[in-house]
Protein chains: 2
Amino acid sequence: MASAVVPAAGNLPVFSIERILGLEGKLAERGVKLHRPWDQTAEVQSDEENKSCQQRHDQHPSRLSFHSPTSSWYGGRRPRTAFTDSQVNVLEAVFQVNRYPGIQLREHLAGRLDLDEDRIQIWFQNRRAKLRRSLRESRLRMVQSAVAHLGMKVREDLQVDVEE
Amino acid sequence: MASAVVPAAGNLPVFSIERILGLEGKLAERGVKLHRPWDQTAEVQSDEENKSCQQRHDQHPSRLSFHSPTSSWYGGRRPRTAFTDSQVNVLEAVFQVNRYPGIQLREHLAGRLDLDEDRIQIWFQNRRAKLRRSLRESRLRMVQSAVAHLGMKVREDLQVDVEE
DNA sequence: TTTTAATCTAATTAT
DNA sequence: ATAATTAGATTAAT
């Protein structure tokens, strides 16, 4: 077989990428129009009607449409990376010092931890989101606690009013 | 040299990442407390502020902190990738067929075009944003055109009213 | 179920 | 003009 594609997530390549690269990538430069029955609506219909990410049960991928995040032929999402404890320890230690590592630090970490640079990038993005979430929740608890104390204070004052 | 760090954008590492990885990453696991003067009062800044990038009105960043996207020691952003015409041609051809390439297609393209997979991912994100932008603008023009035609029609009708 | 890696949008920054 | 980064929301794997 010419194509050594690995079907990792159970999705089968319907159209070979070589078809696109070989035919469209080269012929299209010469103004050659290809017959692409699935592309008749390419620029029009799919503004964002289909964007909001439902369609879990893929209808057969012929026809429509390869223009939504969920029904994408040829490969699903990247398999979840399982960081080791020591990798997380290092990342957390760096995060203590720098929450926005630049490209050089990310590359350095990637080399040091044997990870891809963009895994580092994603890790820091998710780590910042986690921090913001925890800060929001702790602020919320502060407010709730303050309100609760206010309530107690009001009840105390009412008690005093009654006793007076 | 032990360190093969490439100063791509003219940024110099001030604190070696090895300090963090070597000291914090290993000793911290044994409960060893480190003296980290920059964690309190960062005596660093002279080197940080001549970084290549921003800091338009940077107030003295002593004290705090490396926790903002702009004052990040050790590296700025990734240098802008300059895609070749033929790379863009292929990416555009694929985009015609699939606006949401999964991991397999992205990896395939990365290998084929000699790019990192993450550059492919980013390219498609930006390309979708461009498409949405252009669709929004074209819809806006449609509405504007419709309004203009309505205006003309109204004027015609008024003309008829006057002539009658 | 909970946590978090991965993906997406939208806005922005910066080359 | 567009590559890179961010926050934020969501999806999905563990």
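Each chain gets a letter, A, B and so on, in the order the sequences are listed, and its residues count up from 1.
Between the base of D/dT11 and the side chain of A/Arg77 there is a donor-acceptor pair shorter than 3.5 Å. Side-chain to base pairing of A/Arg80 with C/dT4: one donor and one acceptor N or O lie within less than 3.5 Å of each other.
The CD-P distance, from A/Glu137 to D/dG8, rounds to 14 Å in whole Å. Spacing between atom CG of A/Leu115 and atom P of C/dT4 amounts to 16 Å, rounded to whole angstrom units. Rounded to whole Å, atom P of C/dA5 lies 15 Å from atom CG of A/Asp116. Taking atom CZ of A/Phe83 as the reference point, atom C1' of C/dT4 lies 10 Å away to the nearest angstrom. Atom pair A/Glu107:CD and D/dA4:P shows a separation of 12 Å (rounding to whole Å applied). Rounded to whole Å, atom P of C/dT12 lies 12 Å from atom CZ of B/Arg133. Regarding B/Gln87, its CD atom lies at a distance of 15 Å from the C1' atom of D/dT2, rounded to whole Å. Taking atom CD1 of residue B/Ile103 and atom C1' of nucleotide D/dA12, one finds them 15 Å apart after rounding to whole Å.
Remark: B/Thr81 OG1 to B/Gln87 CD distance equals 9.0 Å, nearest 0.5 Å. A/Arg99 CZ to A/Arg128 CZ: the interatomic distance, rounded to the nearest 0.5 Å, is 10.0 Å. Rounded to the nearest 0.5 Å, atoms CZ (B/Phe124) and NZ (B/Lys130) are 13.0 Å apart. Atoms CG and NZ, from A/Leu150 and A/Lys153 in turn, are 9.5 Å apart once rounded to the nearest 0.5 Å.
Under 4.0 angstrom from either OP1 or OP2 of D/dA7 there lies at least one side-chain N or O belonging to A/Tyr100. For D/dT2, the OP1/OP2 oxygens have a side-chain nitrogen or oxygen of B/Lys130 closer than 4.0 Å. The shortest distance between the side-chain N/O atoms of A/Arg127 and the OP1/OP2 oxygens of C/dT4 is not below 4.0 Å. Residue B/Arg78 places no side-chain N or O under 4.0 Å from the OP1 or OP2 atom of D/dT6. Listed pair B/Arg106 / C/dT7 meets the phosphate criterion, a side-chain N or O lying under 4.0 Å from OP1 or OP2.
Taking 4.5 Å as the limit, every side-chain heavy atom of B/Ile103 sits out of range of all side-chain heavy atoms of A/Arg77.
In the region residues 118-126 of chain B, proximity to DNA chain D at under 4.0 angstrom, judged on heavy atoms, holds for B/Arg119, B/Ile122, B/Trp123, B/Asn126.
If you chain together hydrophobic residues whose side chains sit under 4.5 Å apart, B/Leu131 and B/Trp123 fall into the same group.
Across all strands shown, D/dT14 forms no Watson-Crick or G-U wobble pair with both key distances under 3.5 Å.
Screening A/Asn89, A/Ile120, A/Leu113, A/Leu105 against A/Val94 for a side chain to side chain contact (heavy atoms under 4.5 Å, CB included) leaves a single residue, A/Leu105.
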